[in-house]
Amino acid sequence: MIRLSPTKIFKSLYNPKKQQAYTIHKQSTNRQRDYFVTVITPVYNGEKFLKKSIESVMKQTLGFKNIEYILIDDCSTDRSKEILLDFAKQHENMTVVSLDCHSGSSGRPRNIGMELASSPYIMFLDADDWLDPNGLQVLYEILEETGDPYVVGRTIKVDNGGTKVVGEHQCCKERRSVSPFSIPHIFHHLGPTARMMRASLLKERQIQFPEMKFAEDKQFFIDVLTSCQTISTTTKPIYYANRLDETKKTRLTNQTNILQKTNYNLQIVHYILKRKFDLEIEKMIVNRLYEFDLMRRLFTTPHFQKTKFKRLYYYKIKQILKTTRKLTYDFTENFFEPIHKLIYELIREGNYSAVTKLLEWDKSIKVKEVVIKNQQAYLVIPFLEEKYKYIPLPIYITFKEHYCQENQYILHFHVYGDHIHSITDVLIRDGKNAHNDYVLPVTMNENGEGTIKVQFDSLKDLPPAYYSIFVRYNDYMKINIRQLIKNEITHRYQKREFTFCHTPFSNVALKIK
C-alpha cells in the first residue's frame, strides 16, 4: 500500500530550489481545439537531428492537426531555438518555450510541457529521436479502446551498428488492461520512450520529474506505473531512440560520470524505500536498481577497468550496501544474472580483487565452460574457490542434431534448468535490423527435449542477412542454442541459400544469401 504521495516525498527528499523562469515565445493559437495528444520535446543543442524529429511528428497518421506539439528549449547554444521558431511560425498547433537559464536536466522542460498541455494524453519525444509514422495513432487508439491510463509500445535503438529492440519485456506481446505488476521486469526499462499516458493521471497524482541530471525518468515512471491499476502494451514499433555517434556530446547521460550516476541512483533507492510500497512491489523495483544500476554498471564501466583508484569504487559499493541493511528480504533472490549474485557475495566478504578478476574474465572469455550435473547446468569459474566455482544457470540449451528434410530445416536440442515449461517460441532475428525477424513455434517434451521445424518457404520475406536464433521463455527472455562443435548445413531453395551456421560464441545462427 502507498502511504505517502510522491509529491510530498519528493519535496522532503530534494528540497528543490526555486524553479527557473521561462518564456513562451509562441503558443498554440488554437488552444480551444480538442487535440488528441500532446507531444512534449525538451531541446538542448539538438540542431543536427531536430528537423527529422519534428517532421516525424508532422507525418503522423493520427493527423498533425490533432496533435498539440510543445517544444521547450533549454538555452541551446546552437541553432535549435531558431529552428523551433521557424517551424512554429508555420503551424498553429506548435508551442515554443525557452528557459531563462539552462536547467541541465530534461526534467524541468518536461514538467513545463505537462503544465502547458491541454490534450487528454501526453507523450514525450527527445529532440534527437523520432517516431514511427503510425506511433501516436497506435497508442492513442489503444487508450481510447481500453480506458487505461498508460500504454507502451516498441522502442528501437538506432546506433552505428544497426537497430535493436529495447525493453522487450514491455513490447513482446499484445496486452490489454493488465496489472503492471503482472508483467515480469516491468521496472527494468524506465526511459521516456514509446509511452503514452492519460494527462489526468499525471495531474491528479501530481506526478512530476525530479530535476536531476540523471535517473529522473526512473523516478517519474516508477510513480506512473505504481499509480496505474491497469496498463496496455503493444508489439508495434513506436519510437526510434537515436544513439548514433553524432549524439554523444549532446546526450545528458554522457555528461555525468559513473560515480555521479550512482549517486543519483542511490537517491532513487532512498525515494523508493521512503514510499513504503507493498513489499512485493518494492522488491520488483529495487531489483533492477541494485542489480544493474548500482552494481553491474558501477564495475563494468571502462573507467573502473583502467583506473588505479579502484578503492573509490569499493567505497561507493559500501555506501550502496548500507541502504540494504533495513530490508526485510534478500534483494538478490530475483537477480536477473546469476553472476551478479556471486559478485554481491564477494563484495560482502570484501574480496574486491576477486570481483575485479571475475569481471575481467566475464568480459574477455567468449565461450565459457559449462558442466551438467543432475540435469542442472553450471557455469564454471576456474579461478575461484570451490564454494564459488560453480554458478547454477537458470536455463541452458545445447545442440543435439540438425538436418534438412524436403523443404524444411529440423533442429533438435536439450534444455537444462528451471525454465523448461516457460519456453514459448523461437525467434529468428537480424542482428543489425530489428524489423527483420520471424517467430515460429517450438515443441517440447517433459524430459527437456525440444524440436524446431523451419519451413524454408516461411523465410522467403526475410532479406539477405545474418540472423541470430533464440529460444524464448517467460514471454520475452532469449537464449541461444549452444553448439560447441562446428556443424553447419547449407540448403538452396528458390534461388536462395540458407546456411545454419556456427557463431564465434559457439551458437547456432542463420545466414541468408
Side-chain angles (χ1 to χ4, degrees), residues 5-7 24 26-42 53-54 56-72 88 91-97 107 109-126 129 131-155 170-171 174-180 191-209 217 220-234 236 238-239:
S5 75
T7 304
I24 301 176
K26 186 267 177 186
Q27 192 162 13
S28 168
T29 56
N30 194 358
R31 296 280 292 171
Q32 302 306 312
R33 180 183 174 82
D34 293 329
Y35 292 114
F36 294 176
V37 177
T38 299
V39 176
I40 297 170
T41 296
S53 183
I54 292 172
S56 79
V57 178
M58 295 174 63
K59 295 175 182 177
Q60 288 296 300
T61 56
L62 185 66
F64 188 48
K65 65 181 181 181
N66 298 314
I67 301 167
E68 179 183 44
Y69 197 4
I70 302 176
L71 302 108
I72 306 94
H91 304 283
E92 65 173 15
N93 55 335
M94 293 181 69
T95 296
V96 175
V97 178
R110 289 179 187 147
N111 289 339
I112 292 171
M114 289 190 290
E115 289 171 14
L116 298 176
S118 65
S119 76
Y121 302 112
I122 285 175
M123 184 165 181
F124 301 106
L125 172 65
D126 284 350
D129 299 340
L131 298 175
D132 185 89
N134 299 314
L136 294 185
Q137 183 168 352
V138 168
L139 299 185
Y140 173 79
E141 289 180 351
I142 291 173
L143 291 184
E144 287 287 286
E145 167 202 333
T146 62
D148 287 337
Y150 173 100
V151 61
V152 60
R154 177 169 290 192
T155 296
Q170 60 191 10
C171 65
E174 297 290 334
R175 305 179 182 96
R176 298 292 181 270
S177 299
V178 301
S179 166
T193 64
R195 308 163 193 266
M196 188 178 289
M197 293 146 285
R198 199 172 289 274
S200 58
L201 173 79
L202 304 178
K203 292 176 181 179
E204 288 167 9
R205 298 302 299 266
Q206 297 181 293
I207 299 173
Q208 290 192 319
F209 287 90
D217 42 11
F220 180 85
F221 286 104
I222 287 168
D223 286 339
V224 170
L225 287 167
T226 55
S227 298
C228 294
Q229 295 294 317
T230 59
I231 66 172
S232 291
T233 73
T234 180
K236 301 290 193 304
I238 304 296
Y239 192 108

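A quick note: this is a predicted structure, and the numbers were derived from the prediction, not measured.
The side chain to side chain donor-acceptor pair (under 3.5 Å) check on Ser56 picks up nothing, with sequence neighbours excluded. Remark: Arg110 engages Asp126, Glu216 in a salt bridge (charged side-chain N to carboxylate O under 4.0 Å, His left out) (not counting sequence neighbours). In terms of the side chain to side chain donor-acceptor pair (under 3.5 Å) criterion, residue partners of Gln137 (sequence neighbours excluded) are, by chain and number, Thr61, Glu141. Annotation: side chain to side chain contact (heavy atoms under 4.5 Å, CB included) contacts of Thr193 (sequence neighbours excluded): Thr155, His189, Tyr239. For the side chain to side chain contact (heavy atoms under 4.5 Å, CB included) test, residues two or more places apart in sequence or in another chain that qualify with Thr41 are Val39, Val43, Tyr69, Leu71, Leu125, Ala127. Partners of Asp148 under the salt bridge (charged side-chain N to carboxylate O under 4.0 Å, His left out) rule, at least two apart in sequence or in another chain, do not exist in this structure. With sequence neighbours excluded, no residue satisfies side chain to side chain donor-acceptor pair (under 3.5 Å) with Asp217. Scanning for side chain to side chain contact (heavy atoms under 4.5 Å, CB included) contacts around Glu144 gives Tyr121, Tyr140, with sequence neighbours left out.
Here Leu139 contributes atom CG and Phe36 contributes atom CZ; the two are 14.5 Å apart, rounded to the nearest 0.5 Å. Note: Thr234 OG1 to Ile142 CD1 = 4.5 Å, rounded to the nearest 0.5 Å. Note that the OG atom of Ser118 and the CG atom of Asp34 stand 9.0 Å from one another [nearest 0.5 Å]. To the nearest 0.5 angstrom, Ile112 atom CD1 is 10.5 Å from Met114 atom CE.
Between Ala199 and Ile122, the shortest heavy-atom distance links the atoms CB-CD1, 3.9 Å. For the pair Ser119 and Glu68, the tightest heavy-atom approach, listed with the atom from each and the gap, is N-OE1, 3.7 Å. Taking all atoms of both residues into account, the shortest heavy-atom contact from Pro120 to Tyr35 is CD-O, 3.2 Å. The nearest pair of heavy atoms linking Phe221 to Pro192 is CE1-CA, 3.4 Å. Nearest approach of Arg195 to Met197, heavy atoms of both residues: O-CE, 4.2 Å.
Leu143 places a side-chain heavy atom less than 4.5 Å from the side chain of Met196.
Under the side-chain contact (heavy atoms from CB on, under 4.5 Å) rule, Met123 has a single partner from Thr38, Ile238, Val57, which is Ile238.
Judged by distance alone, with hydrogens and angles left aside, the side-chain atoms of Gln60 form a donor-acceptor pair with the main-chain N or O of Asp132 at under 3.5 Å. With hydrogens and angles disregarded, a donor-acceptor distance shorter than 3.5 Å links the side chain of Arg176 to the backbone of Thr233.
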Before giving the answer on side-chain hydrogen bond (donor to acceptor under 3.5 Å, both in side chains), spell out for Ser177 and Thr230 the whole-Å C-alpha distance, their side-chain angles and the decisive distance to 0.1 Å.
CA-CA 5 Å; Ser177 299; Thr230 59; 4.6 Å; no
